[in-house]
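Here is how names work: the chains are called A, B, and so on, in the same order as the sequence lines, proteins then strands, and each is numbered from 1.
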Amino acid sequence: MAKNGLNLIMPTSLSTTGTLGIINLNGSVTFSDCTLIRPAGVFTAQYTNYMIIVKATHTGTSTPISMRLYSGATAESGASNYIYSELSGSDTTIASSRTTGSSWKIMNSYATQRCATVINLYAPFLAQTTAYRSLSIDDFSSASYADWMGSHNQSTSYDNFAIITSTLGITGTLAVYGLVK
Amino acid sequence: MSFIGKFRPSQIASRIRDAEWEEPVGGMELITPTSVGFVGTSATTQGLDGAVTFTSCTYIYLNGIFGSTYNNYMLSIQCKSTSTSVGIIGRLRSDGTDETAANSYTHQGTSVSGSTSTGTRLTSDYWLLFNSYNVSTIGSNIMIFGPYLKQQTAFLASSNEDISSASMADYVGTHRTPQSYSSFTLQGGIPYSGTISVYGLIS
């Protein structure tokens with residue numbers, strides 16, 4: 001008998017820094033002008049791997065959007081614990097790079113433009129290293145492409161994450177799905 | 001020892017306090033098009049499952065797949081062309097008519113074949129979704145963000161374009177007209193065959 005392969009996860013609570021953040025009836029999150037969006041309690045032993053969809057826009061200049069793992073309300077922000085590679089395409093220019101830092105980059109938001117990404121996150125709740133891939137469209141006007149993939153090198157269990165920006169608030173929606181085991 | 005279903009009463013009490021007891025909301029649902037049009041040999045839904053099987057078609061019209069129930073969608077497709085390689089393009093569609101306004105679609109293609117990487121951007125009246133190669137089956141997952149909403153629509157397509165030589169190709173794109181679309185068209189320059197399933201992501 002077939003069963004659902006993908007379940008939308010209801011956060012146990014939501015923390016935001018900004019104007020507004022709400023958990024919708026089914027469990028997706030709507031946020032307005034926020035620099036941090038943290039849906040708590042989304043990673044559990046019920047699922048191993050997750051898919052996260054984020055759509056966002058903002059009104060200022062371009063800003064990078066990143067992701068950081070959390071255990072409860074404590075951010076994992078070790079200065080060299082997140083490693084990611086980027087493959088990007090903008091017209092005929094293809095670029096790639098590797099970065100070590102205190103968060104993963106997941107997409108760029110351009111001035112007044114929407115951006116969207118599908119993030120696959122592997123084993124964040126297990127006490128082992130975590131991996132991710134974020135395939136994003138960064139700029140709705142000119143259709144820029146960016147593919148981010150990386151790992152987190154600490155063998156620690158995390159039960160939630162935050163979407164963060166450096167300065168400018170973003171407005172949009174977020175949904176976390178668990179892949180049924 | 002008494003049981004309620006397969007649980008003892010004490011287990012029931014503990015499970016009620018456990019968030020896992022709550023029935024999870026399904027995250028992705030297979031959508032059956034209200035109708036399927038085509039130019040070619042055949043294109044039909046598979047019983048009640050909703051997946052569309054098509055044979056030697058140049059156009060496939062997936063009608064009534066976007067609605068207010070979902071914001072975002074995933075199209076999963078496997079196909080192969082019948083002779084030479086062919087680009088498969090996509091257009092938003094509403095009320096039986098493709099959106100063909102000039103320069104309303106932009107796509108960015110980024111591909112890697114061996115040690116060669118290539119980038120292309122095009123503004124036109126369609127999105128290039130992927131390329132189908134001669135005889136070789138290709139697979140692509142296409143995410144479409146907000147087609148039914150009266151706002152800009154975007155897509156992401158991640159593909160393996162040539163199974164023989166394992167080429168990677170990702171296409172992303174936008175449609176600038178803030179209009180609502182209920183349907184989608186896939187078009188090939190020459191006939192191609194395969195299956196396509198449309199899923200709605202609950203949010």
Distance-only polar pair, side chains of A:Ser102 and A:Ser77, donor-acceptor under 3.5 Å: no
Under 4.5 Å from any heavy atom of chain B - which part of A:Ile53: side chain
Leading residue by heavy atom contact count with chain B [cutoff under 4.5 Å; candidates A:Ile9, A:Asp147, A:Leu87, A:Thr92]: A:Thr92
Approximate separation, where rounding is to 0.5 Å, of A:Ile65 CD1 and A:Ile170 CD1: 4.0 Å
B:Asp170/A:Arg133 ion pair, N-O < 4.0 Å: yes
Modelled atom types, side-chain donor and acceptor of B:Glu29 and B:Tyr199, under 3.5 Å: no
When B:Thr120, B:Asn72, B:Thr110 are compared by non-hydrogen pairs under 4.5 Å with chain A, the top option: B:Thr110
Segment of B:Phe155 engaging chain A (4.5 angstrom heavy-atom cut-off): backbone
Options B:Val112, B:Asn71, B:Thr118, ranked by heavy-atom pairs under 4.5 Å with chain A, top entry: B:Thr118
Flag for B:Gln78-B:Thr195: side-chain donor and acceptor within less than 3.5 Å: yes
Heavy-atom proximity to chain B below 4.5 Å, by part of A:Thr173: neither
Contacting moiety of A:Asp91, where chain B heavy atoms sit under 4.5 Å: both
Per-residue contact mode, B:Leu122 against chain A (heavy atom under 4.5 angstrom): neither
